[in-house]
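To start, the structure under review is shown below, and the notes come after it.
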Amino acid sequence: MLLQEQYYKQPPTHTQVKGGLFALKGQYPGLCKVFSIGRSVLGRELYAVAVGETRGATLFVGGTHGLEWLTTLLMLRFLDDLLYSIAQNKPLAEIDVKKSMERRGVIILPALNPDGIEIALRGSAGAMNMGDKVEEICGGDYALWQANARGVDINHNFDAGWEILHQMELDAGITGPAPTRFGGYRHTSEPETRAICGFCRGFQIRQAYSFHSQGEEIYYKYGEHTPSRSRLMAQLLATSSGYKLMTQEGLASHGGFKDWFIDKLRRPAFTIEIGKGKNPLPADDLLPVYYKLQEMLVLALLL
């Protein structure tokens with residue numbers, strides 16, 4: 001582990017995420033590449049790190065929802081250990097990752113929604129020049145902030161059953177920008193959504209894992225295009241982690257990144273709800289969650 005223990009004991013601001021990623025790149029210049037897949041509503045870079053082959057890589061995504069910033073720390077901690085294990089030719093979760101990664105690649109996007117994380121952590125100050133608008137959307141109460149800076153829940157904004165989801169939102173009284181569960185006035189309206197969709201198509205991402213919190217659950221199905229191998233993959237992930245396989249319901253049934261990936265690319269994708277408790281899960285939960293999932297994270301690269 002390169003980054004100090006203290007780094008993982010505090011919530012991940014955009015500045016801290018950037019600093020951590022470039023520190024890892026500096027330590028392992030030949031093993032990883034740091035790049036941006038786009039920008040958020042407020043212009044924050046959506047940083048990603050590639051290890052190994054980039055075309056046809058596996059994708060890990062954290063930080064889609066503001067309050068779920070522990071997923072960002074999880075992505076960073078796994079990346080830290082993965083790079084160390086490859087560089088030192090040491091096993092990770094008793095798996096020879098250096099050999100296993102010779103013809104494989106992983107791209108880790110620690111925070112798809114950096115604006116939402118900043119708002120969840122710092123309130124209107126995290127929204128910079130949109131602070132007044134964000135304040136208006138939530139009435140000054142940031143306890144439920146999951147959305148991006150425009151009050152759109154990114155994981156409701158993807159083109160996968162979006163019209164059905166939009167009607168469900170209207171029926172639930174969610175009619176405009178909100179701290180959570182408003183999927184926008186049209187699908188793929190948000191720059192974060194467009195960035196990851198374009199990235200997945202351009203890099204021919206082989207399979208995707210989207211990390212959320214909480215519940216210790218794994219979701220792998222969406223509609224008729226769910227690949228036949230996805231269930232076996234999900235069962236292996238569940239056996240390793242002790243997490244339960246679940247089927248999505250209600251307002252979580254459509255419009256998510258996993259749903260879009262399966263529906264449009266017809267490749268395996270999974271939503272993994274880490275940890276247990278009330279969001280935001282505290283930074284002290286990171287190590288217990290990480291060690292419970294470490295083997296599963298390595299297996300996810302190899303499936």
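Along the sequence shown, residues are numbered consecutively beginning with 1. The structure presented is a predicted model; accordingly, all values stated were derived computationally and were not measured.
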Q | Any residue meeting salt bridge (Lys or Arg N to Asp or Glu O under 4.0 Å) with Glu68, in chain and number order, not counting sequence neighbours | A | none
(Q) Run the side chain to side chain donor-acceptor pair (under 3.5 Å) test against Ser189 and tell me which residues pass, sequence neighbours left out. (A) Asn157
Q | salt bridge (Lys or Arg N to Asp or Glu O under 4.0 Å) partners for Glu45, two or more places apart | A | Arg39
Q.
Using 30° and 60° as the class boundaries, would you call the ring planes of Trp145 and Tyr142 parallel, tilted or perpendicular?
A. tilted
Q | Where at least one partner belongs to residues 236-256, residue pairs that pass ring-ring contact (aromatic ring centres under 6.0 Å, His included), sequence neighbours excluded | A | Tyr222-His254
Q. Does the Gln27 side chain pair with the main chain of Leu3, one donor and one acceptor, at a distance under 3.5 Å?
A. no
Q. Does Arg267 have any side chain to side chain contact (heavy atoms under 4.5 Å, CB included) partners at least two apart in sequence or in another chain, and if so, which?
A. Phe261, Leu265
Q: Kindly write out the residues that satisfy side chain to side chain donor-acceptor pair (under 3.5 Å) with Asp159, not counting sequence neighbours, or none if the list is empty.
A: none
**Q.** Donor-acceptor pair between Asp259 and Gln248 side chains, under 3.5 angstrom
**A.** yes
Q: Output all residues satisfying side chain to side chain donor-acceptor pair (under 3.5 Å) with Asp284, sequence neighbours left out; order by chain, then residue number.
A: none
**Q.** Partner of Phe78 under ring-ring contact (aromatic ring centres under 6.0 Å, His included), chosen from Phe211, Phe60, Tyr209
**A.** Phe60
**Q.** Phe199 and Phe35 aromatic ring geometry - parallel, tilted or perpendicular at 30°/60° bounds
**A.** tilted
Q) Which hydrophobic side chains are connected to Met246, either touching it within the sub-4.5 Å cutoff or through other members that do? A) Tyr219
Q) Taking only residues two or more places apart in sequence or in another chain, which ones pass side chain to side chain contact (heavy atoms under 4.5 Å, CB included) with Arg194? A) Thr188, Pro191
Which atom pairs, one a donor and one an acceptor, fall under 3.5 Å between side chains of residues 288-297 and the rest of the protein, sequence neighbours left out?
residue: Tyr290; atom: OH; partner: Asp81; partner atom: OD2; Å: 2.7
residue: Tyr290; atom: OH; partner: Gln294; partner atom: NE2; Å: 3.1
residue: Tyr291; atom: OH; partner: Arg77; partner atom: NH2; Å: 3.2
residue: Lys292; atom: NZ; partner: Glu216; partner atom: OE1; Å: 3.3
residue: Lys292; atom: NZ; partner: Glu216; partner atom: OE2; Å: 3.4
residue: Glu295; atom: OE1; partner: Ser240; partner atom: OG; Å: 2.7

Q: Measure the CG-NE2 distance between Leu67 and His212 for me, rounded to the nearest 0.5 Å.
A: 13.0 Å
(Q) Please report whether the ring centroid of Tyr220 lies less than 6.0 Å from that of Phe270. (A) no
Q. Does Arg206 have any side chain to side chain donor-acceptor pair (under 3.5 Å) partners at least two apart in sequence or in another chain, and if so, which?
A. Thr58
Enumerate donor-acceptor pairs with a distance under 3.5 Å from any side-chain N or O in residues 111-124 to protein atoms, sequence neighbours excluded.
residue: Asn113; atom: OD1; partner: Gly116; partner atom: N; Å: 3.0
residue: Asn113; atom: ND2; partner: Thr64; partner atom: O; Å: 3.2
residue: Asn113; atom: ND2; partner: Gln146; partner atom: O; Å: 3.2
residue: Asn113; atom: ND2; partner: Ala147; partner atom: O; Å: 3.1
residue: Asp115; atom: OD1; partner: Ser40; partner atom: OG; Å: 2.9
residue: Asp115; atom: OD1; partner: Arg44; partner atom: NH1; Å: 2.8
residue: Asp115; atom: OD2; partner: Ser40; partner atom: OG; Å: 3.0
residue: Asp115; atom: OD2; partner: Val41; partner atom: N; Å: 3.4
residue: Asp115; atom: OD2; partner: Leu42; partner atom: N; Å: 2.9
residue: Glu118; atom: OE1; partner: Arg122; partner atom: NE; Å: 2.9
residue: Glu118; atom: OE1; partner: Arg122; partner atom: NH2; Å: 3.2
residue: Glu118; atom: OE2; partner: His14; partner atom: N; Å: 2.7

